[in-house]
> 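Have a look at this one before I ask anything.
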Amino acid sequence: MKKLVAVLLVLVAAGSLLVGCKKKAPVSSAAFIGIAMPETHVQRWVKDGNALKAEAEKQGYRAEVQWGNADQAQQNQQIQSFLTQGAKVLVVGCINDGVGSVVSEAARDKVAVIAYDRIIPNSADYDYFITFNNYKVGVLQAQSIENGLNLPAATAAAPKQITLFAGSPTDGNAFFFFDGAMSILNPYIEKGVLKVVGPYPKASTDTANFQRIATENWQAPIAKTRMENLLNNDARNVVLDAVLAPNDTLARAIIEACKADAKYRTKLPVVSGQDAEFESAFSIKNGEQYSTVFKDTAKLAEAAILLADQIVKGQTPSIPGAVLASGDLAKIGDTGRKVVKTYLLDPILVTKDNINVPVDAGFYEAAQASQLK
Ligand code: BGC
């Protein structure tokens, strides 16, 4: 009897082992995608990270997402942990060029790296970048200012006044946003119908002046303080008609500073933005922020995972809805060490007149969408 019980126990144990193996098999055989996002203080990255993970899982991958808190050392640790876990692909929205060392490690381990939304600068260790047409983002921002101020009708006798802000000098996108915007604004400045209050880099290559208008790590408090200083100094004796703001987080900080100044209590300057964040869309609806640029990040996430899937399967990438950057736009994919294959999605300008565009695209939660109707 004792023998029988022992035999039965062994059989049960072996059986449960087998069951255990069976359960684990599909999970461990699914390739792993590590997703590294730069920060959470700009809302879009929370959405991007969650959308990327969900899409990867939908396509049968195992996936994990980590946010780097605008700290490259922290993000590098997160990426290293993805490599230890045997990642096949890394999707990286980096913080600055300090990411290069872990991207080299990935290359050594034959792990494919996709630069997500932001280029990985000064690296020759990866092949793919998926983003929006960032030059066009800047063009759209400035076109909204051009329309908001009716610049074609402005005169040198009564010039319009603008002040310029740029994004983080550690983020390659910030240069394209700015140069796209200045391609529209410079002709008006040269004609004398638009005057720049504060530093005026004609292009991002004017490094000294660009640094003066840049906002380290896209931090709202830095932009707010700079705006307050401008209002109390260079802009003290003028009324600003517009502010070139590179994204919504900074636009709202700039508007907050303006609102505290009696001069702008009844009429705010025309302020641009980017990302179609809910708070900014709401502000646009209420006539405060003037414009934003809608980048459908759900589509970007979907496209990035499709690209990852095609790389894993050894297929030649083909991404519907994105164009492969060529000609002048190939510059967007220049890391400084090589030109990577760059897929561009199209950004859309949003003002009060077409606030329904991001709403109809399902960009907001239902409770938010109803407030934008
Ligand atoms: C992104 C913007 C974002 C900014 C700050 C840029 O790289 O393209 O969408 O607003 O970073 O996070």
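Every number for a ligand or one of its atoms is a count from 1 in the order of the listing.
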> Taking Asp248 first and then Arg252, would you say they form a salt bridge - that is, a charged N and a carboxylate O separated by under 4.0 Å?
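No, this pair does not count.
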> Would you say Asn247 and ligand 1 have an N/O pair spaced under 3.5 Å apart?
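Min N/O separation from ligand 1 is below 3.5 Å for Asn247.
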> Go through ligand 1 atom by atom and flag the ones less than 4.0 Å from a non-hydrogen atom of Asp171.
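Under 4.0 Å from Asp171, ligand 1 has these atoms: 6 (C), 7 (O), 11 (O).
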> Closer than 4.0 Å to some heavy atom of Glu39 - which atoms of ligand 1 meet that?
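Taking each heavy atom of Glu39 in turn, ligand 1 has 5 (C), 12 (O) under 4.0 Å.
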> So is Lys136 actually on top of Phe177's ring, under 6.0 Å and inside 45° of the axis?
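Lys136 over Phe177 ring: no.
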> Are the aromatic ring centres of Phe32 and Tyr61 under 6.0 angstrom apart?
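Ring centroids of Phe32 and Tyr61 are no less than 6.0 Å from each other.
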> Number the atoms of ligand 1 from 1 as they appear, then name those within less than 4.0 Å of a heavy atom of Trp218, with their elements.
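Listed by number with element, the hits are 4 (C), 5 (C), 6 (C), 11 (O).
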> Considering the heavy atoms of Arg118, write down every atom of ligand 1 situated less than 4.0 Å from one of them.
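Ligand 1 atoms under the 4.0 Å threshold to Arg118: 4 (C), 5 (C), 6 (C), 7 (O), 11 (O), 12 (O).
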> Within a distance under 4.0 Å of any heavy atom of Asp275, pick out the atoms of ligand 1 and give their elements.
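Those qualifying, in numeric order: 2 (C), 3 (C), 9 (O), 10 (O).
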> For Phe210 and Phe175, work out which heavy atoms get closest and say how close.
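That would be CE2-CE2, 3.4 Å.
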> Would you check if there is a donor-acceptor pair between the side chains of Glu216 and Ser168 at a distance under 3.5 Å?
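No, no side-chain donor-acceptor contact under 3.5 Å.
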> Below a 4.0 angstrom heavy-atom separation, can you tell me which part of Phe177, side chain or backbone, both or neither, approaches ligand 1?
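Contact part for Phe177 vs ligand 1: side chain (C-beta onward).
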> Heavy-atom distances under 4.0 Å are what count here, so tell me which part of Trp45 touches ligand 1: side chain, backbone, both or neither.
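Contact part for Trp45 vs ligand 1: side chain (C-beta onward).
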> Heavy-atom contacts under 4.0 Å between Asp117 and ligand 1: side chain, backbone, both, or neither?
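For Asp117, the contact with ligand 1 is made by the side chain alone.
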> Are the side chain of Lys331 and the backbone N or O of Ser326 linked by a donor-acceptor pair below 3.5 Å?
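No; zero donor-acceptor contacts below 3.5 Å.
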> At a 4.0 Å threshold, what atoms of ligand 1 neighbour a non-hydrogen atom of Lys295?
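Under 4.0 Å from Lys295, ligand 1 has these atoms: 1 (C), 2 (C), 8 (O), 9 (O).
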> State plainly whether the residues Asp206 and Lys202 are in salt-bridge range, i.e. N to O under 4.0 Å.
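Answer for the salt bridge query: no.
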